[in-house]
Amino acid sequence: MNKLEDKVMYARGVGPKLAEVIAAKGIVTMEDLLYHLPFRYEDRQNPRSLDELKPGEMASVIAEVRGSALLRTKRAPIFEITIGQGQLAMKCMWFNGTYLQGKFQAGQTVAVFGKVEPSRSTSNMKMINPQWELLPDASDDAETRLLEVGRITPVYESLGSRLASRWQRKVIFHLLESMHGAMPECLPAAMIERMGLPDREMALREVHFPPEGTAMMELQAAVTPAYRRLIFEELFFLELGLELKRRRMRERAGVAFKTNDKVREAIREVLPFHPTAAQKKALGEIVSDMKQPSPMRRLLQGDVGSGKTIVALQAMLVAMENGYQAALMAPTEILATQHYLAARKLLERSSRKYRIVLLTGSLDEDRKRYNRGLIHRGEAHLVIGTHALIEEKVEFDRLGLIVVDEQHRFGVMQRFKLMKKPRPDGTEWAEPDVLVMTATPIPRTLALSLYGDLDLSVLDELPPGRTPIVTRRVADERADEVWEFVRKQVKLGRQAYIVYPVIEGAKDDQPELDFSADADVKEATEKAAQPVARKTTRKGKTAELFPKAAKEANPNAKLGLKSAVEMYEKLRTGPLNGLRLGLLHGRLDADEKEIIMRRFQRGDIDVLVSTTVIEVGVDVPNASVMVIEHAERFGLAQMHQLRGRVGRGAAKSYCILMTGARVSEQAEERLNAMVSTQDGFELAELDLAMRGPGEVFGTRQAGLPDFRVANLVRDRKLLELAKMEAARFVNGKPDEAEGTEAERARVWVRLKEAWQRKYGLVEAG
Ligand code: ADP
Ligand code: MG
């Protein structure tokens, strides 16, 4: 009798050699193989007739092979077969298909799957590069026939050259047979019943070999009971692990801050406006965490312009008034500098004498050393910086609170490093509280899983007095009108941003930061991807690929991209002649950046020509125009962030998305979304739907596990249920409703194993 944890080598039809091959795909145990699910299905119960095919649809067809030919063309050899049903015929062709020669014999039955295309030569349709499989005939054994025809047939990603779908069907079929009635359940029976889900064995069986009559649509959408069960299972163990992590955090030693009239007065003194209800609520949640003796781990989520900074500043004042140091970490020097200037201005109003220190990578060595000394001796009360805060050897005297701004630019691991900085004098060290801020308006449930070890506060309200931002698309040919509009706005006393995807022209192969060109590079990869793959794409890979791809292609030179440096010159001497222009990009040193930012903030610069360095956080309320050139090259989240730089004051604001000649379909979708809504939440949902969470957040960065079945966006409802069940399980005592002693023990064993294997990174915290 096989067991799930047995090595896959012992499964019938595998053996040591093949086991080695599939181990490379992460399949080691029998369980791994059973959870290697089909990525699509073919309905071979009622095959489609050739005359009902419509151009453009994805279809699977069973027909007889009539003939084949290799056509030598100038470009690539094309292999072609004609397949038929009675009088009807269709051509299938494969480019570079030499390897297919001799594989098809007239009279054989073949199943093809692909996009139906109209054909010029005949009145019929054709398929280009379809997937294919020869179906068994009378000479094949009964079992092969049983698994391949007259049923909904699973199609698997190939695991190796000889390990195509047919092989997997057989092996999995036998594996399921051999475990029939003996496959242990990994969830408590009561829970499964409550959820109305099938047990594990039935779920696995039906996901591989769907029972007759299962709706194809439901299979492709992964909403059959079998799928729901496996998805729930996966999400339950994720949520259970996260729940435990949160608990463990509550047992660690942190600082129990106090609030009293003195602290409240300190805040009141500097607060420049009435906080919104949302800000009050969020601060309440944060401060209530800070008063706990365990370390705070909280995420403050709020759309651009929702006023996160002031909330953080109040929390930092609580820490400082308690005699602790506070640190604020920003993703860019510009943002750190801006926070520094703003904090200084604000705290000037205070009767307390707070010392605020800036620490960024490009400060000169002396200044850095001096500032580190202030921090070390506890003479700096508030420290603002970039990740130089982690990288340089900064030792705090009494660090009580760390605020990380714009989390999506930081890796999870960095966060942990900062928290673990030791106390210099070796005395007992309490862990500082951590507040992470993000403007990425991720759906709540998703946020809880991405940052599962964090509690969540949301600013779901903008400060009063904002007017909506008018967003327009303008083709490059009408640039003159745009510049004229900018001139008019400046005349009215407003300021403008003009943003470019790259710093310099043709010689520049390095886009600003590492985000600016991702949209298009990703599209290229998207296009190459399978059109109907229902399965979650391999997350993160494209994201990693990107910087290299951009470099190799040297996109700017080829695409004739306008760049910040070049356009600054052109605009200054041309259409915007007479206005005061400034140029800002990541390659300036810290002092230069600071000077430019200050001048823009003071209104000494009318138009800031920039790269995406201003994407996050920059706050100049008098700026009312955001022009984005080459908008087709920007991602949705990025454009939303950029647009968030305007509409911060009472003046009517504009976002102008300029596009060049070639706008891809996906870019078109993004631009339309930008024009149609200003709601960051809605845009985030769209972004997620278009790209998936791995792409949006970066798998590695978010600590997002690679799921076998689940998809965080698609399965959001189940995620919520899984979270509830996980909390209930942790709080529950063994009994009928919460699972017997034995059932619970099995859950813990599986949790441990699952987290070790799958979520190793998350566990590192
Ligand atoms: P973000 O959440 O994008 O970081 P900021 O903290 O930069 O937003 O705030 C955006 C702007 O709104 C700033 O100019 C800030 O001073 C202003 N602001 C924040 N809260 C309020 C409020 N309650 N009333 C009026 N203005 C506010
Ligand atoms: Mg901000």
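Atoms within each ligand, like the ligands themselves, are counted from 1 in listed order. What you see is a predicted model, and the numbers here were worked out from it, not measured in a lab.
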Charged N to carboxylate O below 4.0 Å: is that the case for R297 and E431? yes
T276 neighbourhood, listing ligand 1 atoms whose heavy-atom distance to it stays under 4.0 Å: 23 (N)
Do Y500 and Y568 have their ring centres less than 6.0 Å from each other? no
What part of Q279, side chain, backbone, both or neither, has a heavy atom within less than 4.0 angstrom of ligand 1? side chain
May I ask you to list the atoms of ligand 1 that are less than 4.0 angstrom from any heavy atom of T309? 4 (O), 5 (P), 6 (O), 7 (O)
Under 4.0 Å from one or more heavy atoms of H274, ligand 1 contributes atoms 22 (C), 23 (N), 24 (N)
Do we see a donor-acceptor contact under 3.5 Å between the side chains of E348 and Y354? no
Is the Lys NZ or Arg CZ of R398 less than 6.0 Å from the centre of Y324's six-membered ring, within 45° of the axis? yes
Going by the atom numbers of ligand 1, which of them fall below 4.0 Å from some non-hydrogen atom of P463? 18 (N), 19 (C), 20 (N), 21 (C), 22 (C), 24 (N), 25 (C), 26 (N), 27 (C)
Would the distance check show the side chain of K368 and the main-chain N or O of G361 forming a donor-acceptor pair, the cut-off being under 3.5 Å? yes
Side-chain donor-acceptor contact under 3.5 Å, E269 with S350: yes
Between the main-chain N or O of L382 and the side-chain N or O of Q325, is there a donor-acceptor pair closer than 3.5 Å? no
In ligand 1, which numbered atoms sit nearer than 4.0 Å to a non-hydrogen atom of P275? 23 (N)
Going by distance only, is there an N or O of G307 that falls short of 3.5 Å from an N or O of ligand 1? yes
Atoms of ligand 1 under 4.0 Å from any heavy atom of S306, numbered from 1 in the order shown, are 2 (O), 8 (O)
Does ligand 1 have an atom that lies less than 4.0 angstrom from a heavy atom of G305? yes
